[in-house]
Amino acid sequence: MGRLSGSLAAIAVISIAYLQLQKYFVTHKKHVKPTFPRHGFYGPGRYIPDDERIHTFHINVSDKVIIDLGHRLREARINHEQLEDVSDFSYGFNKNTLQEFLHYWKNDYSWKDEEAKINIFSHFTTQIEGLNVHYIHAKPPLNKYQKIVPLLLVHGWPGNFYEFYKLIPLLTDPGLQGHDTKRTAFEVIVPSIPGFGFSEASHKSGFDQIATARIFKKLMVDRLDFMRFLAHGGDWGSLIVSNIAREFPEHLYGIHLNNVLSVPTIPRTIIQILGSYFPSLTFLSDTPQNYSFKEIFMEKLFESGYLHIQATKPDTIGVALNDSPIGLMAWILEKFSSLTNKEYRKLSDGGLEKKFTKDELLTIVMIYWINGNILSSQRYYKEFFSHPDRIEFSKEYIDVPVGVLAFPNDFGGFPTPAEMLSSIATLKHYKVMENGGHFAALEEPVLLASDIYEFVVKIVPEFDFEVLVGSM
Ligand SMILES: *[C@@H]1O[C@H](CO)[C@@H](O)[C@H](O)[C@H]1NC(C)=O
Ligand SMILES: *[C@@H]1O[C@H](CO)[C@@H](O)[C@H](O)[C@H]1NC(C)=O
């Protein structure tokens, strides 16, 4: 009796929820989409037209910056005691691990070696809306592939373009992946979000994920002449490519995301709550039967202190992080620990080297350090959270084909169920990985590359990847 009435109640509640959903979409379709200016200007002073030339760019950090960093690392002041009875990352970055990373950074890490690896890619800059935008432009080997698809890759925080360094060659030369040579390959564009990496930071307030979407669309379409392209993103990059889809769908084949950065909406929240109580009735497959809205909520609350501070007073915390390399390292790498897997909080080394190397992690940190742009990257949160109309825009339905590769250990600790994504986007492809967390491109580049190919074949059948016969 109990079970039967429980099921009936569940069916009733779900039916009501679906009616609500339908109603939502009917009204949703009618409502007028907010529009944003087609141009902006974020350079210093008064508006001047862009210099539209494209310049080659080579990373060459001066000795002065490296010597100054060495000095700061040698003089680093760590004067707290690790709590006697805490040996993990539950209070934040563990002191012993901090000292180990500091030792490696001072004695073994070579920026010049890392710089040489980054310079293997072709880098460029061009001015858009008053800002110098840096990007990598990686092309497939000449004459090896019949079809070339332009693909934009967009990073998030606290990463940067470097997160994609292992993914790029897998996309530009898929034949390398152990499969036979394929017909199609990607021509990959990897920009730094303005205020991150080697892109100039905005000189004016209001530079947000909508402006970034517009600037990257201008980069792809107006500067590089890709009339139609594919885009992939994670973290802020996921919102940026979603915004390109919302504003400029005519230029996209589709978008692929490894996490979906979307604001809670009523239907999503209903599905989340129902799914926590009646998982097998709410979710068709893929979603674990222990799915828990409460657990996700508590986990996000526990891990998002950084977000609150960055969304309110970025110019305060940013001062400290711009002045102290180990402070900067602790702030960034603690997130590479807990967002890769929340269980890593229970480890004395934060599990940092389970999926990444010290060199990789320190290079992420170095790119913030040498550009002095942690503060501007933190303002990106302030700009998002302080404009309600722009948050509203992030709820707009995405009408281009969307592919999602969900990782179970991502922020919150559960893959986002397909049922929740379908309420905000035309979901054409969805897969849950067995492993992996928030920084998918750096952690699981092979899985990510394969999934991007799988998605593309589904949405544009002529981009096939059959074995290429006799045209090498
Ligand atoms: C980097 O810049 C220095 C001068 O600051 C120059 O001597 C060196 O050749 C440059 N290296 C590269 C690889 O361009
Ligand atoms: C939920 O179940 C999955 C297996 O379906 C398991 O891997 C995971 O650890 C569980 N999560 C929690 C929070 O219990």
Side-chain angles (χ1 to χ4, degrees), residues 43-44 50-76 101-102 104-128 131-142 153 155 158-173 176 187-201 203 219 223-224 321-326 328-329 332 356-377 441-442 445:
D50 288 326
D51 171 356
E52 296 188 357
R53 284 173 301 173
I54 290 173
H55 302 276
T56 58
F57 177 73
H58 187 76
I59 300 165
N60 187 2
V61 175
S62 73
D63 289 347
K64 189 164 164 264
V65 170
I66 302 300
I67 291 167
D68 170 75
L69 172 65
H71 176 73
R72 287 168 192 262
L73 291 176
R74 282 190 302 277
E75 298 292 317
F101 270 74
L102 173 59
Y104 185 86
W105 202 355
K106 271 193 300 202
N107 301 302
D108 303 305
Y109 177 83
S110 161
W111 167 252
K112 284 290 154 184
D113 287 355
E114 292 293 303
E115 192 180 78
K117 282 187 225 160
I118 300 172
N119 277 329
I120 288 172
F121 298 108
S122 303
H123 297 257
F124 300 89
T125 62
T126 187
Q127 197 179 42
I128 306 177
L131 299 173
N132 254 319
V133 178
H134 155 257
Y135 62 96
I136 289 173
H137 188 162
K139 295 182 181 177
L142 216 57
L153 301 179
H155 67 84
N160 43 51
F161 70 91
Y162 180 73
E163 283 177 81
F164 296 118
Y165 91 100
K166 287 181 287 197
L167 181 65
I168 295 168
L170 301 175
L171 296 169
T172 53
D173 197 357
L176 288 181
E187 179 164 349
V188 181
I189 307 295
V190 188
S192 296
I193 298 171
F196 291 69
F198 295 91
S199 285
E200 185 176 357
H203 299 261
L219 173 66
R223 295 295 153 82
L224 297 171
L321 304 183
N322 256 338
D323 194 48
S324 161
I326 54 162
L328 178 68
M329 179 187 80
I332 291 173
F356 313 113
T357 65
K358 280 198 181 82
D359 283 336
E360 285 173 341
L361 293 167
L362 288 173
T363 296
I364 296 275
V365 176
M366 279 296 282
I367 291 169
Y368 282 98
W369 179 260
I370 60 189
N371 288 294
N373 56 9
I374 189 69
L375 189 152
S376 58
S377 78
L442 196 59

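Each ligand, and each atom within it, is numbered from 1 in the order the structure gives.
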Residue, atom name and distance, where the atom is the protein heavy atom closest to atom 13 (C) of ligand 1: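 I find the closest protein heavy atom is His58 NE2, 3.6 Å.
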Atom 8 (C) of ligand 1 [closest protein heavy-atom partner, distance rounded to 0.1 Å]: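 Answer, as residue, atom name and distance: Asn60 ND2, 3.8 Å.
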Pair Trp105-Val365, side chain to side chain contact (heavy atoms under 4.5 Å, CB included): steps then yes or no: CA-CA 11 Å; Trp105 202 355; Val365 176; 3.8 Å; yes
Is_contact(atom 11 (N) of ligand 1), protein non-hydrogen, under 4.0 Å: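 Protein heavy atoms within 4.0 Å of atom 11 (N) of ligand 1 - there is at least one.
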Test item: protein heavy atom less than 4.0 Å from atom 2 (O) of ligand 1: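 Yes; the ligand atom in question has protein heavy-atom contact below 4.0 Å.
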Side chain proximity check, Tyr162 to Glu360, heavy atoms < 4.5 angstrom: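 Sidechains of Glu360 and Tyr162: in contact.
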Asn119 side chain reached by Asn60 side chain, heavy atoms, under 4.5 Å: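 No, side chains not in contact.
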Worked verdict on Asp68 versus Lys64 for salt bridge (Lys or Arg N to Asp or Glu O under 4.0 Å): CA-CA 6 Å; Asp68 170 75; Lys64 189 164 164 264; over 6 Å; no
